[in-house]
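Keep in mind that this is a model prediction, so the values were computed, not measured.
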Amino acid sequence: QVQLVESGGGLVQAGGSLRLSCAASGRAFSSYTMGWFRQAPGKEREFVAAISWTGYTNYADSVKGRFTISRDNAKNTVYLQMKSLKPEDTAVYYCAAIYGNIATNQKSYDYWGQGTQVTVSS
């Protein structure tokens, strides 16, 4: 079992930055691929970024060059650094974990956090 707790969300102006954190409990964190997804009001949850246990990363086209995913295995934590934020980035951001290779399909992920709200004002 893996429990995930996100933090770092909030209200920011367009062009600003935020860093989300996801703290994981449980064993073998370093063996998990970690992902970030988001869900805007009235929309389906979508893939944002993922980082494999080897450090390989993958990003949605909409966030490439603006968001950076990273992990600190010593702290059992994955981060999402978000820069140049846009109003369309407003959503609830979820952290997720999968024991295995990197994936962009949310159905592949086994564990989910409760989400953290990010609101970008124009």
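Thr116 has its side chain out of reach of Val92: every pair of non-hydrogen atoms, C-beta onward, lies at least 4.5 Å apart. Two residues are said to be in side-chain contact when any heavy atoms from C-beta on lie closer than 4.5 Å; Leu18 and Val118 meet this criterion. The shortest distance between side-chain heavy atoms of Tyr59 and Thr68 falls below 4.5 Å. Side chains of Asn101 and Tyr56 form no contact here, defined as non-hydrogen atoms less than 4.5 Å apart. Put simply, the side chain of Val78 reaches to within 4.5 Å of the side chain of Ile51, judged on heavy atoms. Inter-residue side-chain proximity for Cys22 and Tyr94 is flagged as unmet; no heavy-atom pair is nearer than 4.5 Å. Residues Gln1 and Tyr111 have side chains in contact (heavy-atom distance under 4.5 Å, counting atoms from C-beta outward). In this structure the side chain of Val2 never reaches within 4.5 angstrom of the side chain of Phe29, judged on heavy atoms.
If you chain together hydrophobic residues whose side chains sit under 4.5 Å apart, Met34 and Val63 fall into the same group. In this structure, Val120 is a member of the same hydrophobic cluster as Trp36, with clusters built from ILVMFWY side-chain heavy atoms closer than 4.5 Å. Note: the hydrophobic cluster containing Tyr93 does not contain Tyr79 (ILVMFWY, side chain heavy atoms under 4.5 Å, direct or indirect links).
Looking at every heavy atom in both residues, Tyr109 comes nearest to Gly35 through CE2-N, 3.8 Å. Between Ala97 and Tyr32, the shortest heavy-atom distance links the atoms CB-CD2, 4.0 Å. Residues Ser108 and Ile98 share a closest heavy-atom pair of O-CD1, 3.0 Å. What you find for Gln114 and Leu4 is that their closest heavy atoms are OE1-O, 3.7 Å. The two residues Ile102 and Thr33 come nearest to each other via the heavy atoms N-OG1, 3.5 Å. Heavy-atom minimum distance, Gly115 versus Glu6: N-OE1, 2.9 Å.
In summary, the side chains of Gln106 and Arg45 do present a donor paired with an acceptor at a separation below 3.5 Å, with no hydrogens or angles considered.
Rounded to the nearest 0.5 angstrom, Ser52 OG and Ile69 CD1 are separated by 9.5 Å. Taken to the nearest 0.5 Å, the CG atom of Leu80 stands 13.5 Å off from the CZ atom of Arg71. Expressed to the nearest 0.5 Å, how far CG of Asn76 lies from CD of Gln3 amounts to 12.5 Å. Interatomic distance, OG of Ser7 versus CG of Leu20, reported as 8.0 Å (0.5 Å rounding).
By the 30° and 60° cut-offs, the orientation of the rings of Trp112 relative to Phe37 is tilted.
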Do any side-chain atoms of residues 82-89 form donor-acceptor pairs under 3.5 angstrom with protein atoms, and if so which ones, sequence neighbours left out?
unit_1, atom_1, unit_2, atom_2, d
Asp89, OD1, Arg38, NH1, 2.9
Asp89, OD1, Arg66, NH2, 3.0
Asp89, OD2, Arg66, NH1, 2.7
Asp89, OD2, Arg66, NH2, 3.4
Asp89, OD2, Lys86, N, 2.8

May I have the step-by-step check of side-chain contact (heavy atoms from CB on, under 4.5 Å) for Asn58 and Thr104, ending in yes or no? CA-CA 8 Å; Asn58 195 358; Thr104 61; 3.4 Å; yes
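The closest donor-acceptor contact from the side chain of Thr77 to the backbone of Lys75 lies under 3.5 Å.
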